[in-house]
Amino acid sequence: MEKVVELKDISMTYHTLDGETHAVKDISFDIYNGEFVSIVGPSGCGKSTILSIIAGIMKPTSGSVLINGKQVDGTSDNVGYMLQKDHLFEWRTIIKNAVIGLEVKNKLSKSALKDTEELMEEYGLGEFKNHYPSQLSGGMRQRAALIRTLATSPDILLLDEPYSALDYQTRLAISEEIWLILKKEKKTAILVTHDIAEAVASSDRIIVLTNRPSCIKNIHVIELNCNEKSPIKCREAPEFRHYFNKIWKELDVHV
Amino acid sequence: MSNISREHLEFLRGQRIKKLAVFLTQTLLLLLFFGIWEIAARLRWIDPFIMSQPTRVFRTIVSLSKDGSLFLHTGVTVYETIIGFVSGTLLGTVIAIVLWWSEFVAKVLDPYLVVLNALPKTALGPIILVWIGGTSASIIVMALLISIVVTILNVYIAFKTCDEDKIKLLKTFGATKLQILRKVVLPANVPAIVSSLKINVGLSLVGVIVGEFLVSKAGLGYLIIYGGQVFKMDLVMTSVLILAATAAVMYISVAWIEKKLTKLR
Ligand SMILES: Nc1ncnc2c1ncn2[C@@H]1O[C@H](COP(=O)(O)OP(=O)(O)OP(=O)(O)O)[C@@H](O)[C@H]1O
Ligand SMILES: [Mg+2]
């Protein structure tokens with residue numbers, strides 16, 4: 001398999017007037033084409049920082065990132081980023097929200113608009129395309145946010161706790177749905193999450209980070225025996241608990 | 001709408017009655033005010049020469065309308081006020097954009113803006129009069145000065161508090177600063193800009209009246225100062241009442257435009 005993302009000795013230090021924060025220290029890992037990889041770690045350890053560096057909206061203090069073998073310098077058309085909240089603009093209709101990435105990249109052609117409309121149609125938002133975000137449910141909004149990310153046709157998706165603003169039921173359903181969409185569209189995905197169960201259920205590999213300055217504590221290859229490959233079905237696999245407990249111990253949460 | 005329950009209908013009726021009661025009381029209060037004023041003047045509890053009275057005000061309005069001067073002066077005041085608050089809001093917004101664009105400029109100008117904001121701008125009236133001359137332009141500059149500083153501060157603060165994550169979202173698509181301004185910062189703050197337009201109606205009117213006091217050529221401010229000088233209190237009271245009505249109409253119009261705009265957005 002080919003490597004699509006390579007991190008080489010990434011370190012990141014934030015400087016503020018109050019002092020400096022060593023967020024990330026010497027992190028290296030590779031992501032392969034079509035993989036679904038989760039990153040888990042204590043809160044504030046630098047997970048979002050890593051995604052921002054991969055997305056090219058932040059420069060690491062040292063180290064380098066390669067996307068499809070090319071050094072990252074600024075944002076790349078190959079990478080899509082989904083943030084924690086949907087951040088749909090309430091003054092734009094859903095379709096206008098979905099094409100904002102294309103607009104920013106000056107790629108809003110007739111055919112691109114049509115493709116986006118087809119995506120909305122396919123993923124159940126067709127009849128809502130002229131609605132405003134406030135008229136949609138939380139799950140539908142998250143789907144609209146995904147379509148906004150997919151509209152610029154990136155191969156690699158970065159998902160930063162994309163479901164954490166949703167209630168538990170919706171969250172299970174939408175994470176299943178989005179997982180299926182990503183597999184169907186053959187995307188590579190890097191998911192940051194606090195939810196160990198979600199990580200185990202949906203990932204091919206899980207990267208566990210330590211406390212700040214964070215480095216890699218362990219990388220787990222997840223192999224679940226389930227007859228139907230989907231996050232909810234995989235939760236029933238016999239190995240599920242085993243991975244869950246191992247990662248839980250590694251995160252070493254004290255309350 | 002057929003399945004509205006009886007309780008709900010009764011609730012709606014109750015609300016309507018309450019609204020009507022408030023409106024009737026408001027009207028009554030106004031009538032009472034003019035009524036007592038009139039009676040007090042007729043019974044000589046107050047001196048109508050100094051305090052004027054509603055019938056005299058009415059007569060003044062009639063005579064002023066006959067020679068057309070009522071419309072002239074009201075028109076001048078309205079015109080100057082509209083130019084004042086529209087240009088104050090636009091220019092203020094443009095300057096706020098500049099401050100948002102360059103944090104350095106914003107930091108440098110910060111103390112000056114704070115002082116300018118605290119300074120009563122009417123104190124600058126005589127200076128403007130000398131520099132620009134006794135024309136309508138002076139009055140508009142006065143109105144502009146009063147509204148612009150508050151606009152800059154309010155709109156700039158609104159820009160600064162624009163959701164960082166929405167900006168981050170656009171950055172993930174590689175947005176330039178101009179795109180961030182046009183696609184997030186400005187549209188997200190349309191309500192803030194329109195609400196400063198509303199505040200500026202009142203502020204700009206203060207500037208216009210002070211300006212007309214000083215320039216003394218036309219407008220309701222001129223009528224008020226002129227009436228005071230020749231001791232025609234009927235004229236003063238009439239002008240003040242018309243000013244109050246004019247101010248109310250302008251405020252309501254802008255509030256209406258605000259409602260339309262926020263819906264349209
Ligand atoms: N712009 C910044 N300036 C200064 N420090 C920052 C900045 N952004 C993040 N940090 C600090 O760097 C550390 C890592 O932040 P980051 O947001 O990457 O962590 P995270 O793992 O995503 O946290 P969470 O689990 O809360 O989402 C935190 O301690 C944070 O306070
Ligand atoms: Mg984070």
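What you see is a predicted model, and the numbers here were worked out from it, not measured in a lab. Every chain is numbered from 1, with letters handed out A, B, ... down the list of sequences.
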*Asks:* Any heavy-atom pair between the side chains of A:R171 and A:D195 that's under 4.5 Å?
*Replies:* yes
*Asks:* Are A:E118 and A:K114 within salt-bridge range, i.e. N to O under 4.0 Å?
*Replies:*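 Yes, charged N to carboxylate O under 4.0 Å.
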*Asks:* Is a side-chain donor or acceptor of A:N33 paired with a backbone partner of A:V4 at a separation under 3.5 angstrom?
*Replies:* no
*Asks:* Using a heavy-atom cutoff of under 4.5 Å, enumerate the residues of residues 39-61 of chain A that contact chain B, numbered in order, or state 'none'.
*Replies:* A:S52, A:I57
*Asks:* Is the CD atom of B:Q15 crowded by more than 12 outside heavy atoms at less than 6.0 Å?
*Replies:*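 Yes, the 6.0 Å shell around CD holds more than 12 heavy atoms from other groups.
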*Asks:* I'd like to know if the side chain of A:K187 reaches the main chain of A:P154, judged simply by a donor and an acceptor atom lying under 3.5 Å from each other, with no hydrogens or angles considered.
*Replies:* yes
*Asks:* Checking A:L158 against chain B: side chain, backbone, both or neither under 4.5 Å from a heavy atom?
*Replies:*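 Looking at A:L158, nothing touches chain B.
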*Asks:* Considering only heavy atoms, which portion of A:Q84 lies under 4.5 Å from any heavy atom of chain B: side chain, backbone, both, or neither?
*Replies:* neither
*Asks:* Is it possible for you to check whether B:K177 lies under 6.0 Å from the centre of the six-membered ring of B:W101, through NZ or CZ, and within 45° of that ring's axis?
*Replies:* yes
*Asks:* Examine distances only and state if a side-chain atom of A:R148 and a backbone atom of A:V99 form a donor-acceptor pair shorter than 3.5 Å.
*Replies:*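 No; zero donor-acceptor contacts below 3.5 Å.
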